K.L.:
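Below is one structure. I have some questions about it.
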Amino acid sequence: MLAAAAAPTRTIAAPVSCRSAGRREDGGGSATARMPRAILDLFRKMRAGEFPDGAHVLRAKIDMASPNINLRDPAIYRIKHATHHNTGDKWCIYPMYTYAHPIEDAIEHITHSICTLEFEDQRPFYDWLLDKLADGGFFTRPLPQQIEFARLNLTYVVLSKRKLIQLVDEKHVAGWDDPRMPTLVGARRRGYTPEGFRRFTDQIGVSKSDGWIDYSVFEACQRDVLNDTAPRRIAVLDPVKLIIDNYPEGQSEDCFAPNHPQQPELGKRVIPFSRELWIEREDFTETPPKGYFRLFPGNAVRLRYGYVVQCTGCDRDAAGRITAVHCEYLPDTKSGTPGADSVKVKGNIHWVSAAHAHEAGVRLYDRLFRTAQPGQESGNFLDDLNAESVKVIRAQLEPALKDAAPEASFQFERHGYFVADHVDTKPGAPVFNRTVTLKDSWVKTEK
RNA sequence: UGGGGAGUCGCCAAGUGGUAAGGCAUCGGAUUUUGAUUCCGACAUUCGCAGGUUCGAUCCCUGCCUCCCCAGCCA
């Protein structure tokens, strides 16, 4: 790139160099008096490393009276005694990005060079440079065109490289592939799908007004895709025992659950049922709030894909914590049998047979930041880190989940979408990452 | 201050002279063995503000207001 860029400088109307002390406002005048040959000679000495950093700079002569400062004889090469990965220490000048960029675009036959809004007032220089180089025969028209659009700002997310590096370096996250990171490797471990990203980009559009896309738009896109593609499975994330007192000890039977309620062609899987099950702690309460239709003493619910049970009470330990919930099942109500609908219930909770469950690690991820625009208030985005952006738990899974393949996504019914982590999952010992929760209108009515 | 941009529903975003698409969110209601999904319905007499042109303006003109970016030998 350096070599390619060096040649064209000779064609610029009158490239000039000036003393390091001179800024744009006062540096142009003396240089116009210099002869091109003298300037070329000086430039070669700059390149050869005969001057210290900052001693000279090569500037393009354009228009010192321009209201656009980028046209006031901008610097295009400066001296830097840096070791280059290709040229080593032989070449001591480096082009400015604003100078190199249009040339690179032209060399690569770029037609539309898309960039962000902050480069808008750089465009006149971009056009000026390529126009000069085309006049000099280095490039043919039509020339590349720089077109600016707003960058993507996503609420609750930081995307700047500087900030991402800081998150990793200062170990606020586990690494570049931490599932909370908005990186390709992070998104992949999180279980976000490529199709979900495509849907997202289709929906947010492209414009020149800089705004903030709400993270819920992104989540909705991921849910859309996962809802169609992810097989359903049962996982109890916060287990408490449910004991069916009138079900024989030691007995078990098979229940059948569809892999996808909207796609029966995907078949069913077997889920073992027995006397002692794991259910979610939050699916039972002794003091039900208004509208609560899960387990509470006297109430009946369906054990999804199994029987209807009636709650009889619970056990507590010395500290008052519930250790087990008790119920009795209605033998004729098994899902899939003629009597299944003989008893109507509103509630429907999931469960896993304690004797058949597979315990596994699950990471519940949430937004990395707790404010929509991290750092907006305090000026330091780290102040807005969400302390609860990850919760590592042990969950009780249905047997079919034991052999989940790395990167396989599932919907854990009533919870959300989860993916088998491709780094930590071992054969027969999956570890799951929560991609995104299901929508939950109950948490809203609760408040 | 000078220069460069942007202002259409809570958040994005079409429309650019003929009387305001769509998505997310929200709120109703139906279906549902996921308080999910799906489905139906509601959701800007109004397009930053004020004038003007026009039969008619979000769109054209004038003025104003607000917000963002630049003023590195950074990218």
Side-chain angles (χ1 to χ4, degrees), chain A residues 17-25 27 53-59 66-72 74-80 93-101 115-124 148-155 161-162 199-200 202-221 223-224 226-228 232 234 255 257-258 260-263 283 291-294 301-308 333-336 340-341 344-350 372 411-417 437-446:
Chain A
S17 64
C18 68
R19 314 291 315 192
S20 63
R23 306 306 279 192
R24 292 170 189 218
E25 290 72 18
D53 287 5
H56 294 282
V57 65
L58 182 71
R59 312 203 317 177
S66 173
N68 181 350
I69 195 161
N70 299 119
L71 261 20
R72 299 215 278 259
I76 56 178
Y77 274 100
R78 76 287 213 196
I79 300 169
K80 266 190 192 301
I93 52 171
Y94 289 83
M96 301 294 288
Y97 168 83
T98 52
Y99 172 73
H101 187 225
C115 62
T116 39
L117 258 24
E118 65 266 32
F119 293 100
E120 279 174 325
D121 45 20
Q122 200 65 243
R123 184 166 9 106
E148 312 84 11
F149 292 103
R151 56 167 271 145
L152 166 62
N153 289 311
L154 237 197
T155 57
K161 281 173 279 183
R162 197 206 103 226
R199 200 168 295 212
F200 177 63
D202 283 347
Q203 290 192 355
I204 62 177
V206 177
S207 77
K208 296 192 69 169
S209 62
D210 55 345
W212 288 75
I213 309 290
D214 198 284
Y215 199 69
S216 66
V217 178
F218 178 72
E219 291 183 318
C221 291
R223 284 195 192 102
D224 273 354
L226 261 4
N227 178 49
D228 288 344
R232 276 41 335 189
I234 305 293
C255 291
H260 193 118
Q262 281 82 44
Q263 298 170 46
D283 283 342
Y292 186 90
F293 51 68
R294 278 115 92 163
V301 302
R302 174 169 293 283
L303 294 174
R304 198 163 168 70
Y305 311 126
Y307 294 90
V308 171
T333 59
K334 187 176 182 183
S335 292
D341 295 326
K344 295 286 185 192
V345 293
K346 186 121 198 262
N348 196 310
I349 67 172
H350 63 274
Q411 183 199 95
F412 288 180
E413 294 195 32
R414 304 212 297 140
H415 283 303
Y417 298 96
T437 62
L438 249 31
K439 275 210 293 198
D440 186 354
S441 52
W442 170 244
V443 294
K444 269 179 290 195
T445 58
E446 248 181 329

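Keep in mind the model is a prediction, meaning the values are calculated, not measured. Per chain, numbering begins at 1; letters A, B, ... match sequence-line order.
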K.L.:
Which pair of non-hydrogen atoms, one from A:Arg294 and one from A:Ile349, has the smallest distance, and what is that distance?
P.N.:
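Looking at all heavy atoms of both residues, the closest pair is CG-CG2, 3.8 Å.
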K.L.:
Of all heavy-atom pairs between A:Arg199 and A:Asp224, which one has the smallest distance, and what is that distance?
P.N.:
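Distance-wise, the nearest heavy atoms are NH1-CB, 3.2 Å.
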K.L.:
Does B:rA36 have its OP1 or OP2 closer than 4.0 Å to a side-chain nitrogen or oxygen of A:Ser441?
P.N.:
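So the side chain of A:Ser441 is within the cut-off, an N or O lying under 4.0 Å from OP1 or OP2 of B:rA36.
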K.L.:
In whole Å, what is the span from the CG atom of A:Asn348 to the C1' atom of B:rU31?
P.N.:
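Result: 15 Å.
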K.L.:
Need one value for A:Gly416: base, sugar-phosphate or nothing, where a base atom within 4.0 Å counts as base even if backbone is also close, heavy atoms only.
P.N.:
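The residue A:Gly416 makes no contact with any strand.
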K.L.:
With the side chain of A:Gln262 defined as its heavy atoms from C-beta on, choose the nearest nucleotide among B:rC74, B:rA36, B:rG23.
P.N.:
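My answer, after comparing the listed nucleotides, is B:rA36.
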K.L.:
Below the 4.0 Å mark, does B:rU34 have OP1 or OP2 next to a side-chain nitrogen or oxygen of A:Arg302?
P.N.:
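For B:rU34, neither OP1 nor OP2 has a side-chain N or O of A:Arg302 closer than 4.0 Å.
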K.L.:
Starting from P on B:rU32, measure out to CZ on A:Arg304 and report it in whole angstrom.
P.N.:
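That distance rounds to 14 Å.
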K.L.:
Taking the side chain of A:Lys80 as its heavy atoms from C-beta onward, which of B:rA75, B:rA13, B:rC74 lies nearest to it?
P.N.:
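For the A:Lys80 side chain, the nearest candidate turns out to be B:rC74.
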K.L.:
Can you say whether the rings of A:Phe293 and A:Trp442 are parallel (under 30°), tilted (30 to 60°) or perpendicular (over 60°)?
P.N.:
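Taking A:Trp442 first and then A:Phe293, their aromatic rings sit tilted (interplane angle of 30° to 60°).
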K.L.:
Assuming nearest nucleotide by heavy-atom distance, tell me which of A:Gln122 and A:Tyr305 is located more 5' along RNA chain B.
P.N.:
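Final value for this comparison: A:Tyr305.
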K.L.:
Which is true for A:Phe293 with a 4.0 Å heavy-atom rule: it touches a base, it touches only sugar-phosphate, or it touches nothing?
P.N.:
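If one applies the 4.0 Å heavy-atom cut-off, A:Phe293 turns out to touch a base.
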K.L.:
Taking atom C1' in both B:rU8 and B:rC59, what distance in whole Å separates the two?
P.N.:
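B:rU8 and B:rC59 have their C1' atoms separated by 11 Å.
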K.L.:
If you measure from the C1' atom in B:rC39 to the same atom in B:rU32, how many Å do you get, rounded?
P.N.:
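Nearest-Å result for B:rC39 against B:rU32 at atom C1': 11 Å.
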K.L.:
May I ask you to check whether A:Tyr77 and A:Tyr99 place their ring centers less than 6.0 Å from one another?
P.N.:
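Yes, the ring of A:Tyr77 comes within the 6.0 Å limit of the ring of A:Tyr99, centre to centre.
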K.L.:
Just checking A:Glu219: base, sugar-phosphate only, or nothing, at a heavy-atom cut-off of under 4.0 Å?
P.N.:
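No contact.
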K.L.:
Can A:Trp442 be classed as stacking with the base of B:rG35, given a centroid separation cut-off of 5.5 Å and a plane angle cut-off of 30°?
P.N.:
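Stacked: centres under 5.5 Å apart, planes under 30°.
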K.L.:
Can you name the residues that form a side chain to side chain contact (heavy atoms under 4.5 Å, CB included) with A:Tyr97, not counting sequence neighbours?
P.N.:
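A:Tyr97: side chain to side chain contact (heavy atoms under 4.5 Å, CB included) contacts with A:His101, A:Phe119.
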K.L.:
Say we look at B:rU58 and B:rU46: how far apart would their C1' atoms be, to the nearest angstrom?
P.N.:
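Between the two C1' atoms, the distance is 9 Å.
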K.L.:
Considering only the C1' atoms, how many Å lie between B:rG10 and B:rU26, rounded to the nearest integer?
P.N.:
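These two C1' atoms come out 9 Å apart once rounded.
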K.L.:
Nearest whole Å is fine: how far is B:rU34 P from A:Arg232 CZ?
P.N.:
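So the CZ-P distance, A:Arg232 to B:rU34, works out to 11 Å.
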K.L.:
Using the P atom as the reference point in each nucleotide, state the distance between B:rC67 and B:rG72 in Å, no decimals.
P.N.:
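Going atom to atom, P in each nucleotide, I get 23 Å.
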K.L.:
Does A:Ser216 make a side-chain N or O approach to OP1 or OP2 of B:rC24 shorter than 4.0 Å?
P.N.:
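It does not, given that no N or O in the side chain of A:Ser216 lies less than 4.0 Å from OP1 or OP2 of B:rC24.
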K.L.:
Check the distance between B:rG4's C1' and A:Glu120's CD and give it to me in whole angstrom.
P.N.:
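Roughly 6 Å, once rounded to whole Å.
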K.L.:
Sequence neighbours excluded, which residues qualify as side-chain hydrogen bond (donor to acceptor under 3.5 Å, both in side chains) partners of A:Glu148?
P.N.:
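Only A:Arg123, A:Gln146 meet the side-chain hydrogen bond (donor to acceptor under 3.5 Å, both in side chains) criterion with A:Glu148.
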K.L.:
Map A:Gly211 and A:Pro261 onto RNA chain B by nearest heavy atom, then report which one ends up closer to the 5' terminus.
P.N.:
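Residue closer to the 5' terminus by nearest nucleotide: A:Gly211.
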K.L.:
Remember a base hit wins even if backbone is also touched, and classify A:Arg123 as base, sugar-phosphate or nothing at under 4.0 Å, heavy atoms.
P.N.:
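The residue A:Arg123 makes no contact with any strand.
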K.L.:
Contact class for A:Tyr292 vs. all strands (heavy atom < 4.0 Å): base, sugar-phosphate, or nothing?
P.N.:
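Base contact - A:Tyr292 has a heavy atom under 4.0 Å of at least one base atom.
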K.L.:
Can a donor-acceptor pair be found between the side chains of A:Asn153 and A:Arg151 at a distance below 3.5 Å?
P.N.:
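The criterion, which ignores hydrogens and geometry beyond distance, is satisfied for A:Arg151 and A:Asn153.
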K.L.:
Please list, pair by pair, any protein nitrogen or oxygen found under 3.5 Å from a nitrogen or oxygen in nucleotides 67-70 of chain B.
P.N.:
residue: B:rC68; atom: O2'; partner: A:Asp210; partner atom: OD2; Å: 3.1

K.L.:
Please list, chain by chain and in numerical order, all residues satisfying salt bridge (Lys or Arg N to Asp or Glu O under 4.0 Å) with A:Asp341, sequence neighbours excluded.
P.N.:
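By the salt bridge (Lys or Arg N to Asp or Glu O under 4.0 Å) rule, A:Asp341 matches no residue at all.
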K.L.:
Over how many whole Å does the gap from A:Glu413 atom CD to B:rU32 atom P extend?
P.N.:
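Taking atom P of B:rU32 as the reference, CD of A:Glu413 is at 17 Å.
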K.L.:
For B:rG72, is chi within 90° of 0 (syn) or not (anti)?
P.N.:
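Judged by the O4'-C1' to base torsion, B:rG72 sits in syn, the angle falling within 90° of 0.
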K.L.:
Measuring only the C1' atom in each nucleotide, how far is B:rA20 from B:rA57? A whole number of Å is fine.
P.N.:
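Here B:rA20 and B:rA57 have their C1' atoms 13 Å from each other.
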K.L.:
Side chain of A:Tyr97 only, please: which of B:rG35, B:rA6, B:rA75 is the nearest?
P.N.:
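From the listed options, B:rA75 comes nearest.
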K.L.:
Do the side-chain N or O atoms of A:Ser209 get closer than 4.0 angstrom to the phosphate oxygens (OP1, OP2) of B:rA13?
P.N.:
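Looking at the OP1 and OP2 atoms of B:rA13, one of them is under 4.0 Å from a side-chain N or O of A:Ser209.
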K.L.:
Students often get this wrong, so: under 4.0 angstrom with heavy atoms, is A:Glu148 touching a base, only sugar-phosphate, or nothing?
P.N.:
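The answer is nothing, as A:Glu148 stays clear of every strand by at least 4.0 Å.
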K.L.:
Consider the side chain of A:Ala220, meaning its heavy atoms from C-beta on, and name the nucleotide among B:rA25, B:rG3, B:rC74 that approaches it most closely.
P.N.:
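For the A:Ala220 side chain, the nearest candidate turns out to be B:rA25.
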K.L.:
According to the Watson-Crick and G-U wobble definition with distances under 3.5 Å, which dot-bracket string, read 5' to 3', encodes RNA chain B, using [ ] for crossing pairs and | for pairs with another strand?
P.N.:
((((((((.[[[..)..(...]]].(((((.......))))).....[[[[[..)....]]]]])))))))....
K.L.:
Provide the distance between the two C1' atoms, one in B:rC24 and one in B:rC60, to the nearest whole Å.
P.N.:
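B:rC24 and B:rC60 have their C1' atoms separated by 34 Å.
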K.L.:
What integer distance in Å separates A:Asn153:CG from B:rA13:P?
P.N.:
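It works out to 11 Å between those atoms.
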K.L.:
Would you indicate what A:Val345 reaches in the nucleic acid, counting non-hydrogen atoms under 4.0 angstrom: base, sugar-phosphate, or nothing?
P.N.:
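Here A:Val345 touches no strand at all.
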K.L.:
Rounding to the closest angstrom, what is the interatomic distance between B:rA44 and B:rC9 at atom C1'?
P.N.:
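Taking atom C1' in both B:rA44 and B:rC9, they lie 5 Å apart.
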K.L.:
If you check the A:Pro67 side chain, which of B:rC12, B:rA6, B:rG3 turns out closest?
P.N.:
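Selected nucleotide: B:rG3.
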K.L.:
Restricting to nitrogen or oxygen on both sides, can you table the protein-nucleotides 26-30 of chain B pairs closer than 3.5 Å?
P.N.:
residue: B:rU26; atom: OP1; partner: A:Lys444; partner atom: NZ; Å: 2.5

K.L.:
To the nearest Å, give me how far apart CZ (A:Arg223) and P (B:rA25) are.
P.N.:
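Rounding to the nearest Å, CZ of A:Arg223 and P of B:rA25 are 7 Å apart.
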K.L.:
Measure from the side-chain heavy atoms of A:Asn227 and tell me the nearest of B:rU34, B:rA75, B:rU37.
P.N.:
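Selected nucleotide (nearest to the side chain): B:rU37.
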K.L.:
Between B:rG22 atom P and A:Ile204 atom CD1, what is the distance in whole Å?
P.N.:
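Atom-to-atom, A:Ile204 to B:rG22, this comes out as 20 Å.
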